[in-house]
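Chain identifiers are assigned alphabetically (A, B, ...) following the order of the sequence lines, protein sequences preceding nucleic acid strands; residue numbering begins at 1 within each chain.
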Protein chains: 2
Amino acid sequence: MAKAERIRIYDVARVAGVSVATASKALNDTGRMTEQTRERVKQTAAALGFRPNAMARALTQQRSFTIGLLTNDTYGRFTLPVMAGVAEALVDQGVSVFLCGIEDDAALGQIHVDAMRDKQVDGIIAAGKRIDRRLPVDLSNLAIPVVYVFTEGPEDAITLVSDDEQGAREAVEWLVQLGRKRVVHITGPASFASVAAREAAYRDVVGAGAQVLNGPWSEAWGHEAVARLWDGAGPHPDGIFCGNDQIARGVVDALRERGVDVPVDVSVVGFDNWEIVAAATRPPLSTVDMNLKEMGREAGRLILQLAEGKAVSAGIRKLPCKLLVRQSCGSALRASHSNGEARLGI
Amino acid sequence: MAKAERIRIYDVARVAGVSVATASKALNDTGRMTEQTRERVKQTAAALGFRPNAMARALTQQRSFTIGLLTNDTYGRFTLPVMAGVAEALVDQGVSVFLCGIEDDAALGQIHVDAMRDKQVDGIIAAGKRIDRRLPVDLSNLAIPVVYVFTEGPEDAITLVSDDEQGAREAVEWLVQLGRKRVVHITGPASFASVAAREAAYRDVVGAGAQVLNGPWSEAWGHEAVARLWDGAGPHPDGIFCGNDQIARGVVDALRERGVDVPVDVSVVGFDNWEIVAAATRPPLSTVDMNLKEMGREAGRLILQLAEGKAVSAGIRKLPCKLLVRQSCGSALRASHSNGEARLGI
DNA sequence: CAACGTTGATAAAACGGTTTCTCAAGCATC
DNA sequence: GATGCTTGAGAAACCGTTTTATCAACGTTG
């Protein structure tokens, strides 16, 4: 039952009674011919189930309708949503995506980059998990367009990152508007650029009395930070802005174990909107969503433009984050409901 | 600085002073010629940095050195490790992987399958998240080899799944060997085939006194199940085998909140080894690892053989699981340490 | 020395499309 | 009626490889 032979344009031309050249032009809406001929060829092709061989087409057109997605984010925390967005933006154009995970292995990275070049990809999207770290490959003079997402690129690169400062600002302002007077910031290692950006926004909003605790990106650190805050002297916080959802979950769990009510006594907001963590926290975590999928879509659009030869201005583009309000920061007067979750527009 | 022109085999031939045909054969180790000529061509190619155009090559060879990975597992819980294994098995052979996420959208699936056909993929790996559900696409008469991983395929398909029964058996036997007398099973919805398989193994090991609680695959269900067991009449369990890590985490959290000590009073084992959940649980969760990466490697090997025209016997292949002992089931006499974790061989 | 294998290398034909060039026919213009 | 322009279509070149068929040169053999 399997169809062994694929239909070639040669077959279409023969059946439609035209030359191969005419058939090609008819199907691609190029060249000149009577509308009647064009239509006849198209119908013949459809009837025969003709699909052009992408390899042959790529050979002449110098376009493979293929792009490479290079990433060192094996676990997929950041890359998967990005990937989904990229694919979504490109599938309509018939562009497929090579996924290449390279860990932090420069040699493996080179292998994949070489493979991409051999396969004539129209562009490469380099995606990472830190905006202040580079992938272990050099893509700078490649004759192929490159877009950097969530990773550091060369000076004159086209780079997409989330607007950490804006996202953090929204989160902290939300806590303040809820009436919280003592908001502290429990976050990751100070060496991360995003930690600095979020901290800066936090400090800017709360002004005097800011307190920042740095530690690892783990639930355990959330527990420990709560211990420090509650076991130490001085008044306890009534609002906690966490650097990511894992820390936030640790914080919420620790507070519950101490009998501190979230969100009645303390409001907690996370960062990342990692569903598996944020949604399973009790109560579900309000958090800042980085719109990774939209970043992927934008990356897809950009790489497509570049592949088509259009110019795209270089530089770093910060895409806005969105505060996602769940139950961990208290009943919010301003929250408008949708799908059981309240979203605060950007 | 960017190299505009790519080196073609034509250039290599000219510089080496041979014909294109000879150059091709020299580089592919085919044909006949003096070893001297072959070496000269190879060195010329290396010096010029020649890399063959994969499109052109695919056109003649009828092999694109490309495979498609089709999946409906958007979150990547199952697919990402599989993907990593597939890529690992294929990268040496110069084979690249198209990743195509299709949710449960049949139309989208068809688009991706068509795109793969157009791009002449040498094979398709269909990966899912349930062994008893099919992807919403028909790959049965495609003239392209297909391997099914963690999803249901046609009767005569080549299918890879984890050996749930064996994994569950190891987990429950481990609990029994630790001296646990009342082991219950808290698991997912009975409609899942893997739930049935794990339950069967559990019942087989514990014999009379088996108790199974079905619910959703969530932490919340873990909490609720513990409430039922501890608030109800009768003796409390001293061992709990959970259907997945999320349930297990809910169970462990619930027990801690009740003051029940894990692992002193109760031993808990999960299933899946979803690191983000299992490792963050306090104490870290013993769990059954499904060896997804190895499944991916095996899928890669199989699709490669099929692409090369070799025959592969059809049928369902169950790959063994591995019990991963952490701290949630108590000090294990038999546990041998490695990397701070004890692994029990299969 | 004629017939015959081998050997090393090349010319040319694929592969399946796209694109450029050429050309005959039809028609308007002067 | 000769000239020129437009239109519709096809022949052929091309993209960059691989592969097949061909062939000259060179022993070997009878």
Output yes when B/D122 and B/R63 qualify as a salt bridge under the 4.0 Å nitrogen-oxygen rule, no when they do not.
-> yes
Spacing of A/T44 atom OG1 and A/R14 atom CZ [to the nearest 0.5 Å] = 11.0 Å
Rounded off to whole Å, could you give me the NZ-to-P distance for the A/K119 and D/dG16 pair?
-> 18 Å
Looking at CD1 of A/I158 and CD of A/Q305, how far apart are the two atoms once the value is rounded to the nearest 0.5 Å?
-> 9.0 Å
From B/R301 CZ over to B/L90 CG, what is the distance, rounded to the nearest 0.5 angstrom?
-> 10.0 Å
If you round to the nearest 0.5 Å, how far is OG of B/S64 from NZ of B/K119?
-> 11.0 Å
What are the bounds, 5' to 3', of the part of DNA chain C that sits under 4.0 Å from heavy atoms of chain B?
-> C/dT7 to C/dG16
Using only side-chain N and O atoms of A/S19, determine if any of them is under 4.0 Å from OP1 or OP2 of D/dA11.
-> no
Residues of residues 29-49 of chain B with a heavy atom under 4.0 Å from any atom of DNA chain D, listed by number, are none
Nearest 0.5 Å, what's the SG-CD1 distance between B/C100 and B/I125?
-> 12.0 Å
Is the distance from OP1 or OP2 of D/dT18 to the nearest side-chain N or O of B/N28 less than 4.0 Å?
-> yes
Between A/D73 and A/T71, is any side-chain donor less than 3.5 angstrom from a side-chain acceptor?
-> no
Global bending angle along the helix from C/dC1-D/dG30 to C/dC30-D/dG1, which compares the axes of five pairs at either end, to 10 degrees | 70°
For A/R133, does its backbone N or O pair with a side-chain atom of A/T151 as donor and acceptor, under 3.5 Å?
-> yes
Which nucleotide in D/dT18, D/dG16, D/dG10 has an atom nearest any side-chain atom of B/R8 = D/dG16
Pairs in or reaching into residues 94-153 of chain A: which pass ring pair (Phe, Tyr, Trp, His ring centres under 6.0 Å), with residues at least two apart or in two chains?
-> A/F78-A/F150, A/F98-B/F98
Nearest whole angstrom, please: distance from the P of D/dT20 to the NZ of B/K25.
-> 10 Å
Summary of side-chain hydrogen bond (donor to acceptor under 3.5 Å, both in side chains) pairs that have at least one residue in residues 306-319 of chain A, sequence neighbours excluded = A/E308-A/K310, A/S313-A/R317
Exceeds 12 heavy-atom contacts within 6.0 angstrom, atom CD1 of B/I316 = no
Using 4.0 Å as the upper bound for N to carboxylate O, is an ion pair formed by A/K42 and A/E35?
-> no
Where along residues 56-67 of chain B does a heavy atom come under 4.0 Å from DNA chain C, residue by residue in number order?
-> B/L59, B/T60
Would you mind classifying the nucleic acid contact of B/V20 as base, sugar-phosphate or nothing, using non-hydrogen atoms under 4.0 angstrom?
-> base
B/R6 bridged to B/D11 by N-O distance under 4.0 Å | no
